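No experiment lies behind these values; they were computed from the predicted model shown.
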Amino acid sequence: MTLETVSTHRAFEGVQGVYRHASEATGGEMTFSVFVPPHEPGARLPVVWYLSGLTCNHANVTEKGEFRRACAELGLIFVAPDTSPRGEDAPDDPEGAYDFGLGAGFYVDATQPPFAARYRMERYVIEELPSVIADQFPADMERQSIMGHSMGGHGALTLALRHPGRYRAVSAFAPIVSPSQVPWGQKALGGYLGSDPAVWAAHDAVALIEQGARLPDLLVDQGEADAFLTEQLRPELLAEACERAGIPLQLRLRPGYDHSYYFISSFMADHLRWHAERLG
């Protein structure tokens, strides 16, 4: 696969790059970022995937996530994909809303027109982009973990639950834990997957746990001053599901923190240490 280098920068003795490639999964060009920490020649390094939230692309965490120092110290490759297909021919919300369409792929493979042709974000994150990373970077694909924020937290949780054994660690910042039960998720899952709630359940972390999917453990940070906490995020639903299922969950409620990257960057290093311990 041809990979175009958009930019590279030296950082903490490693390399922060932004890259572009033609995606079969999404039917157009996709851009992503990768930080490769300093390492010995021939070394293969564990990979942490970071899935971003609504309205975001690879650049948000790359520019504001403050992950590079910790990744350099811990020896972690950090990969940040985009959140949806792009381009003039990629369908969007007909009313131009921020919570559906461009920038809001919800990490599912859409089945409904006109989105089914290009909105195949689960396939992109699970199959296509990992093959690019394995081919082009010093990645040990036997040691992968995943994390995300908001919609990306939903993606991290559901992809890990749907693909058991793929990821050795999972964590999230302010995730949408049960999209079937909140407005953001109901709009997105309905638009991408159709009107059957039984189909939505296969992309809902709480529902997946209730149906028997399991994780070894889980770390979640949530700001108590988050404007979306009560209506859209509802972390108590995840806590209840994990307690019933016997999944060890560290749910850390952070007083005064909101939904922004000021919150995420404050606890990014904690999450990366969590991942490094489980990635070996």
Side-chain angles (χ1 to χ4, degrees), residues 50-56 60-61 64-65 83-84 93 95-108 146-161 170-193 195 197-211 213 215 217-245 247-268 270-271 274:
Y50 179 92
L51 305 184
S52 296
L54 289 167
T55 75
C56 294
N60 298 77
V61 70
K64 298 184 286 188
T83 52
S84 78
D93 186 290
E95 298 179 358
Y98 75 92
D99 55 357
F100 186 70
L102 296 181
F106 263 78
Y107 305 100
V108 301
I146 193 165
M147 63 195 304
H149 169 234
S150 194
M151 178 187 72
H154 143 77
L157 295 175
T158 56
L159 294 183
L161 289 162
V170 187
S171 73
F173 300 99
I176 304 170
V177 305
S178 187
S180 298
Q181 301 187 60
V182 301
W184 276 344
Q186 290 164 350
K187 177 178 180 178
L189 298 183
Y192 295 136
L193 303 176
S195 59
V199 176
W200 301 357
H203 301 275
D204 181 307
V206 168
L208 285 164
I209 292 170
E210 290 174 343
Q211 293 170 2
L215 297 171
D217 52 11
L218 182 59
L219 172 63
V220 173
D221 272 301
Q222 173 64 61
E224 290 187 328
D226 190 323
F228 306 111
L229 174 59
T230 302
E231 183 179 21
Q232 305 283 11
L233 306 178
R234 304 192 63 187
E236 73 279 1
L237 298 177
L238 180 65
E240 293 163 2
C242 286
E243 183 176 6
R244 289 192 296 267
I247 298 174
L249 166 65
Q250 288 191 46
L251 174 57
R252 306 189 299 194
L253 300 177
R254 302 294 191 174
Y257 284 91
D258 58 20
H259 202 67
S260 72
Y261 270 87
Y262 296 108
F263 158 61
I264 296 166
S265 63
S266 297
F267 304 106
M268 177 65 80
D270 288 349
H271 281 242
W274 162 278

Which heavy atom of [X] sits nearest to which heavy atom of [Y], and what is that distance?
| X | Y | answer |
| --- | --- | --- |
| G105 | S84 | N-CB, 3.9 Å |
| M151 | G103 | CE-O, 3.8 Å |
| A213 | I247 | O-CD1, 4.3 Å |
| A205 | L157 | CB-CB, 3.9 Å |
| M268 | V61 | CE-CG2, 4.0 Å |
| A174 | D226 | CB-OD2, 3.7 Å |

Hey, are the side chains of [X] and [Y] touching, using non-hydrogen atoms and a 4.5 Å cut-off?
| X | Y | result |
| --- | --- | --- |
| K187 | D93 | yes |
| M147 | L219 | no |
| W274 | D217 | yes |
| P183 | E231 | yes |
| L229 | P235 | yes |
| W184 | L233 | yes |
| F173 | H271 | yes |
| L51 | L159 | yes |

Rounded at 0.5 Å granularity, tell me how far [atom1] in [X] sits from [atom2] in [Y].
| X | Y | atom1 | atom2 | value |
| --- | --- | --- | --- | --- |
| L237 | C242 | CG | SG | 11.0 Å |
| I209 | E240 | CD1 | CD | 11.5 Å |
| R254 | F263 | CZ | CZ | 8.0 Å |
| L249 | L215 | CG | CG | 10.0 Å |
| Q186 | W200 | CD | CH2 | 5.5 Å |
| S150 | I264 | OG | CD1 | 8.5 Å |

Could you walk me through whether V220 and V177 pass the side-chain contact (heavy atoms from CB on, under 4.5 Å) test, one step at a time?
CA-CA 10 Å; V220 173; V177 305; over 6 Å; no
Centroid separation Y257 to Y262 less than 6.0 Å
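No, the ring of Y257 stays outside the 6.0 Å limit from the ring of Y262, centre to centre.
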Please confirm whether H154 and Y107 have ring centers closer than 6.0 angstrom.
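No, the ring of H154 stays outside the 6.0 Å limit from the ring of Y107, centre to centre.
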Decide yes or no on side-chain contact (heavy atoms from CB on, under 4.5 Å) for I176 and V182, but give the supporting numbers first.
CA-CA 8 Å; I176 304 170; V182 301; 3.9 Å; yes
CD (E243) with more than 12 external heavy atoms under 6.0 Å:
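Incorrect, the count does not exceed 12.
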Is it the case that atom OH in Y98 sees more than 12 heavy atoms from other parts of the structure closer than 6.0 Å?
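Yes, OH of Y98 has more than 12 neighbouring heavy atoms, counting only those of other groups under 6.0 Å.
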Could you walk me through whether Y192 and F100 pass ring pair (Phe, Tyr, Trp, His ring centres under 6.0 Å), step by step?
CA-CA 9 Å; Y192 295 136; F100 186 70; 4.5 Å; yes
Using only heavy-atom distances, determine whether the side chains of N60 and S52 contain a donor-acceptor pair under 3.5 Å.
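No pair is found: no donor N or O on one side chain lies under 3.5 Å from an acceptor on the other.
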Parallel, tilted or perpendicular: ring planes of Y261 versus H149, cut at 30 and 60 degrees
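Ring orientation, 0 to 90° scale: perpendicular.
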